[in-house]
Amino acid sequence: MSIKPARTRFAPSPTGHLHLGGARTALYAYLLAKKTGGQFILRIEDTDTKRTVPGAEQEIMDGLRWLGLEYDEGPDLGGQHGPYRQTERREIYQRHAKILVERGHAYPCFCTPDQLEKVRQEQMKRKENPHYDGTCRNLAPDETAKRIADGEPHTIRFKIPHDGVTVAHDHLRGDIVTENKQLNDQVILKTDGLPTYHLAAMVDDHEMQITHVMRGSEWLGTFPLHVNIVRAFGWDEPTWIHLSVFLKPSGKGKMSKREAAAAMKDGYSIFIKDMQELGFTPEGVMNWCALMGWGVAEDDVMTVGQMIDRFSIDSLTPSPAAINFQKLDHFNATHIRLFTTEDLAARIKPYFTREGLLVKDDVLLKIIPLIRERLTTLDDCISFGAFFFKEDVTPNSEDLIAKGLDARQSADIARRVYQILEAQPDISHERCEPLLRAYVEESGLNVNQVFGILRVAITGQKVSPPLFESMEIIGRDVCLRRVQNAIGILEKL
RNA sequence: GCCCCCAUCGUCUAGUGGCCCAGGACGAAGCCCUCUCAAGGCUUAAACCGGGAUUCGAAUUCCCGUGGGGGCACCA
């Protein structure tokens with residue numbers, strides 16, 4: 001491969017939960033880095049100290065690792081281009097802001113938030129676009145110097161040319177041409193001495209030698225500004241890739257708090273932290289996520305490792321994608337079927353334990369082939385397999401009555417089945433199934449009636465893994481006891 | 001209000017001027033298999049937003065609408 005190694009980064013702000021959109025951005029960045037033999041970096045954009053949420057950074061790191069997106073450099077790993085937390089890089093930004101001021105690309109601004117708000121209100125009243133009115137753009141140098149010397153609080157604003165256009169190139173959308181008069185002299189360094197995103201991200205991407213910037217399309221609006229900042233420094237631009245947003249399942253608008261809550265009620269989530277608890281696998285989530293915004297023609301079941309081979313930024317799509325949770329189910333179930341028995345056993349065990357069940361490892365291994373293709377989510381193992389680990393089951397009495405028969409008749413059948421099973425030295429399915437089929441045959445009943453009663457007696461439920469294989473695993477003694485118990489229930493009706 | 005982005009089956013998408021009466025996947029319907037539920041196999045329905053233009057020829061290029069999304073902070 002003759003492609004140059006790419007350095008990519010995932011740069012979230014620690015203001016909330018790691019969600020689907022972030023996970024997908026991280027995935028694509030990871031894929032590109034790995035595909036080209038480059039590095040994938042985690043950078044924490046925590047310059048808005050008021051919005052920083054304790055624990056959010058840890059959740060991001062945990063989430064990425066759970067998804068299998070190991071970063072090569074990051075806050076907890078270090079690296080050649082650290083620190084990787086923006087609040088620890090203050091001086092770097094201040095130095096760069098100063099350079100911009102010296103070169104005439106930026107200027108100190110003494111306007112207070114109150115003044116700014118007033119101006120904005122008046123502009124709105126006049127139906128003008130809200131924008132900075134340029135009060136401090138052309139202050140005399142000595143006045144500026146004096147006010148700074150007096151300790152007057154100030155910000156630094158980036159100076160956008162009044163005339164002309166800015167042409168910014170996005171890899172997915174081509175040239176985006178914006179008239180400069182539409183642009184605003186944005187604050188790049190705040191009163192508190194910390195940078196805004198516009199400065200911090202540009203400086204860091206350059207300093208960290210990022211080659212491809214992947215970010216959400218919500219940055220498209222400030223894209224021309226960013227390009228201007230990079231050019232003001234005289235730096236080479238990275239390849240810019242603005243990813244589309246995720247829309248709620250209806251396709252009308254993006255996911256809101258309400259949508260998120262509604263999804264949760266259905267056993268789905270857009271937050272990575274919930275995925276494991278809901279029984280989703282990293283493989284399923286990543287596969288699902290990857291395909292919303294990446295056009296893969298066929299064979300779309302892939303692990304992250306397989307995605308690396310096939311990934312290309314040219315096949316990314318620019319249009320917004322509606323989230324489809326049914327497809328998450330599909331990918332999750334498909335990957336579950338691909339796991340080895342040992343792997344699936346290890347992944348499922350915690351869900352049994354969570355239910356307070358004592359798991360015998362040898363039994364666990366034996367039930368995997370029986371339940372594997374029945375699982376959509378890992379926690380489905382409870383509904384299909386909990387009865388293997390319980391001392392006794394408590395069948396619903398009505399479920400024990402076979403279709404078309406009454407309690408008496410059903411009890412008779414159960415007693416006969418008991419006799420047949422009791423006469424056997426073991427209850428391997430090879431031995432028992434033919435015997436019981438023969439009984440069905442001679443009794444004139446149908447298999448669903450007889451097997452149905454047995455199923456409910458043994459498993460306590462109407463839907464279960466294959467009956468005879470299950471009985472073999474449970475063992476003769478327990479099976480006989482459970483059938484006996486069912487007879488007792490039927491006799492009391 | 002202004003600016004920007006997007007537009008193929010219900011959904012995710014393939015398609016880069018003729019290979020397309022548009023292909024795949026999820027979902028849906030039907031059949032087969034079957035001890036329940038699944039899984040699996042087979043089959044069916046289902047789309048190029050509208051209007052102009054360019055061209056011998058347009059899902060594919062351009063323009064105008066329309067619809068959807070995003071942005072207009074000392075937030076990211």
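Basis for what follows: all heavy atoms, side chains included, without hydrogens, waters or symmetry-related copies. So that the names make sense, note that chain A is the first sequence line, chain B the second, and so on, each numbered from 1. As the structure is a prediction and not an experimental result, all values here were calculated from the model.
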Can you check the A:K118 NZ to B:A73 C1' distance for me, whole Å?
-> 19 Å
How does protein contact run along nucleotides 5-12 of chain B, one letter per nucleotide 5' to 3', with B for base contact, S for sugar-phosphate only, - for none, heavy atoms under 4.0 Å?
-> SSS---BB
For each nucleotide in nucleotides 30-48 of chain B, reading 5' to 3', give B when a protein heavy atom comes within less than 4.0 Å of its base, S when such contact involves only the sugar-phosphate, and - otherwise.
-> -----BBBBSS--------
Would you mind classifying the nucleic acid contact of [X] as base, sugar-phosphate or nothing, using non-hydrogen atoms under 4.0 angstrom?
{"X": "A:C109", "result": "nothing"}
{"X": "A:W219", "result": "base"}
{"X": "A:G216", "result": "nothing"}

Check: [Y] main-chain N/O paired with [X] side-chain donor or acceptor under 3.5 Å:
{"X": "A:D205", "Y": "A:M202", "value": "no"}
{"X": "A:N184", "Y": "A:Q186", "value": "no"}
{"X": "A:W288", "Y": "A:N324", "value": "yes"}
{"X": "A:Y439", "Y": "A:P434", "value": "no"}
{"X": "A:R437", "Y": "A:C432", "value": "no"}

Say we look at [N] and [M]: how far apart would their [atom1] atoms be, to the nearest angstrom?
{"N": "B:A59", "M": "B:U8", "atom1": "P", "answer": "15 Å"}
{"N": "B:C21", "M": "B:A47", "atom1": "C1'", "answer": "14 Å"}
{"N": "B:C62", "M": "B:A25", "atom1": "C1'", "answer": "33 Å"}
{"N": "B:U60", "M": "B:U44", "atom1": "C1'", "answer": "29 Å"}
{"N": "B:G23", "M": "B:C19", "atom1": "C1'", "answer": "12 Å"}
{"N": "B:U66", "M": "B:A29", "atom1": "C1'", "answer": "33 Å"}
{"N": "B:A14", "M": "B:C20", "atom1": "C1'", "answer": "12 Å"}
{"N": "B:U11", "M": "B:G57", "atom1": "C1'", "answer": "33 Å"}

Using a strict 4.0 Å threshold on nitrogen-to-oxygen distance, state whether A:K125 and A:E122 make a salt bridge.
-> no
B:A76 phosphate, OP1 or OP2: any side-chain N/O from A:K190 under 4.0 angstrom?
-> yes
Sort out the partner of B:C26 for me: Watson-Crick or G-U wobble, both distances under 3.5 Å, none otherwise.
-> B:G10
